[in-house]
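In what follows, a structure is listed as structure tokens, so that the remarks can point back to it.
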Amino acid sequence: MLNCDKVRADLRTSIFGRTLYCFQVIDSTNAYLLTLARDGAPEGTVVQADFQTAGHGRQKRRWLSAPGQNLLFSILLKPELEIDYSKKIMLATAIILANTIENYLQAHQLDPVQISFKWPNDLLVNGRKLSGILAESILRDKKIEAMVLGIGINLNEPVEKMPPEIRDIATSLRSITGQPIDREEFLCMFMQEFEKNYERFERNFYDHVVDEWKERCDQFGQKVTIRTPFGEEIGIIKDVNESGYLVYEDQKGVLKALIAGEITKSNHVTDV
Ligand code: BTN
């Protein structure tokens, strides 16, 4: 089990992770933290679990992770910002997570890895998913009253031991580097990086977030299938706009902005 006392002792933050709940098994760290948020838990509360029985990602997909190998945790934010900032907070979190991975590798004299972003919230290495972020919010009067950011990052689970449904599309930091990853240290590093940047979030950080995020995204110009609850279509990814929405060109040449949906590379033969 994750050594929670070690995290508490080593953590150099004043808000994030100061209230920390660690579980061996839970249904979902996001679901639990949403309940705590409704009961008035303070900003920065973190819930971590070694295993989730109902871990979920976007589009109600399951998040699969072997017990005690990876990091599964959720953070509570109370940003007092309009709903429109939700996407940007998620993009900012992806940047912070990528920076944490790079800092960790550097601190351990491990070779750097090329991390790329897939809209809206995936971190990939060599086209394989290393981490996903799920934001769930409690809204009031068009403002974000509370936001739970759930992060799943594959640290130590060997790719060959992953369930068949994700084995060919996922990766882990251990499989990439060949070295075991210290989960406690990684969690502390992430929380410190998060807190350092969160101050900037409150000011004008958001003006730069999208541009910074785009630097790591290699999806532009790609032909993709876009799936939303309203249907499916083929398009070409053109941009991510200043609100963090995906901009794509549909088959009629119309530019559309997508707030939420599922993007997969398209093998469709018709030119767009
Ligand atoms: C995605 O890729 O769609 C997002 C995956 C987010 C998974 C994490 S694991 C910790 C937290 N608890 C959950 O139930 N989901 C998130």
Side-chain angles (χ1 to χ4, degrees), residues 1-4 6-13 16-17 20 22 46 48 50 57 63-75 90-134 149-162 166-201 205 208-209 211-219:
M1 191 169 164
L2 187 97
N3 188 338
C4 234
K6 183 167 183 344
V7 173
R8 286 194 187 95
D10 293 351
L11 193 60
R12 295 187 306 278
T13 58
F16 289 94
L20 173 65
C22 297
V46 171
Q48 176 277 333
D50 267 13
W63 183 261
L64 301 170
S65 180
Q69 308 256 302
N70 302 317
L71 271 178
L72 310 165
F73 64 101
S74 303
I75 311 175
M90 240 165 63
L91 301 186
T93 306
I95 295 169
I96 292 167
L97 193 51
N99 290 343
T100 306
I101 295 167
E102 287 173 352
N103 294 344
Y104 181 96
L105 296 179
Q106 203 179 16
H108 289 261
Q109 278 111 43
L110 295 167
D111 288 342
V113 296
Q114 180 89 31
I115 300 160
S116 64
F117 294 154
K118 180 180 169 223
W119 189 89
N121 66 349
D122 292 351
L123 273 75
L124 309 181
V125 175
N126 296 327
R128 286 167 171 264
K129 187 154 165 170
L130 179 68
S131 174
I133 303 163
L134 174 71
L149 276 175
I151 295 164
I153 173 159
N154 300 327
L155 291 185
N156 288 311
E157 189 172 353
V159 170
E160 63 279 9
K161 298 220 169 111
M162 287 180 181
I166 59 169
R167 197 176 298 153
D168 295 333
I169 52 169
T171 191
S172 73
L173 216 46
R174 182 175 189 157
S175 287
I176 296 164
T177 61
Q179 296 298 320
I181 308 298
D182 185 323
R183 295 193 301 154
E184 288 81 3
E185 185 184 345
F186 190 97
L187 186 58
C188 288
M189 284 179 87
F190 174 81
M191 239 102 83
Q192 283 151 205
E193 190 68 19
F194 198 91
E195 185 157 302
K196 201 170 88 191
N197 284 280
Y198 195 61
E199 276 202 358
R200 294 203 292 151
F201 280 25
F205 181 46
H208 311 285
V209 155
D211 287 338
E212 210 173 316
W213 187 91
K214 285 201 281 192
E215 282 170 21
R216 287 188 193 256
C217 177
D218 50 19
Q219 289 179 292

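If you read the sequence from its start, that first residue is 1, and numbering goes on from there. Every value quoted in this text rests on a predicted model; they were computed, and no experiment measured them.
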Looking at [X] and [Y], would you say the former's side chain and the latter's main chain have a donor-acceptor pair under 3.5 Å?
| X | Y | value |
| --- | --- | --- |
| Asn156 | Pro180 | no |
| Glu193 | Asn99 | no |
| Ser116 | Cys217 | no |
| Ser175 | Val159 | yes |
| Asn70 | Leu155 | yes |

Measure the shortest side-chain to side-chain distance between [X] and [Y] over non-hydrogen atoms and say whether it is less than 4.5 angstrom.
| X | Y | answer |
| --- | --- | --- |
| Ile176 | Leu130 | yes |
| His108 | Glu185 | yes |
| Arg183 | Leu71 | yes |

Decide if atom CD of Gln114 counts as having more than 12 heavy atoms of other residues, nucleotides or ligands within a radius under 6.0 Å.
->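 No - once you tally the heavy atoms of other residues, nucleotides and ligands closer than 6.0 Å, there are 12 at most.
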Is it the case that more than 12 heavy atoms not belonging to Gln106 sit under 6.0 Å from its CD atom?
->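 For Gln106, atom CD is not crowded (no more than 12 foreign heavy atoms under 6.0 Å).
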Rounded distance (nearest 0.5 Å) linking atom [atom1] of [X] with atom [atom2] of [Y]:
| X | Y | atom1 | atom2 | answer |
| --- | --- | --- | --- | --- |
| Leu11 | Cys4 | CG | SG | 10.5 Å |
| Leu124 | Asp122 | CG | CG | 5.5 Å |
| Met162 | Ser172 | CE | OG | 4.5 Å |
| Asn3 | Arg8 | CG | CZ | 9.5 Å |
| Thr100 | Ile153 | OG1 | CD1 | 8.0 Å |
| Phe16 | Leu187 | CZ | CG | 13.0 Å |

Distance-minimising heavy-atom pair for [X] and [Y]:
| X | Y | value |
| --- | --- | --- |
| Leu123 | Ala98 | CD2-N, 3.9 Å |
| Ser131 | Ile151 | OG-CG2, 4.2 Å |
| Trp63 | Lys129 | CZ3-CE, 3.5 Å |
| Gly150 | Ser74 | CA-OG, 3.7 Å |
| Pro158 | Gln69 | CD-OE1, 3.7 Å |
| Arg128 | Ala170 | NH1-O, 2.7 Å |

For Gln109 and Asp111, does a side-chain donor sit closer than 3.5 Å to a side-chain acceptor?
->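 The answer is no; no qualifying pair exists.
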For Gln179, which residues count as a side chain to side chain contact (heavy atoms under 4.5 Å, CB included) partner, sequence neighbours excluded?
->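 With sequence neighbours excluded, Gln179 shows a side chain to side chain contact (heavy atoms under 4.5 Å, CB included) to Leu110, Thr177, given in chain and number order.
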Classify the angle between the aromatic ring planes of Tyr104 and Phe186 as parallel (below 30°), tilted (30 to 60°) or perpendicular (above 60°).
->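 If you compare the ring of Tyr104 with that of Phe186, the planes turn out tilted.
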Compute the centroid of each ring, for Phe194 and then for Phe190, and state whether the two points are separated by less than 6.0 Å.
->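 Close enough - the centres of the two rings lie under 6.0 Å apart.
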For Thr171, the side chain to side chain donor-acceptor pair (under 3.5 Å) test, sequence neighbours excluded, returns none
Derivation and outcome, side chain to side chain contact (heavy atoms under 4.5 Å, CB included), residues Asp50 and Gln48 | CA-CA 7 Å; Asp50 267 13; Gln48 176 277 333; 3.1 Å; yes
Let me see the working for Thr93 and Ile75 under side chain to side chain contact (heavy atoms under 4.5 Å, CB included), right down to the final yes or no.
-> CA-CA 11 Å; Thr93 306; Ile75 311 175; over 6 Å; no
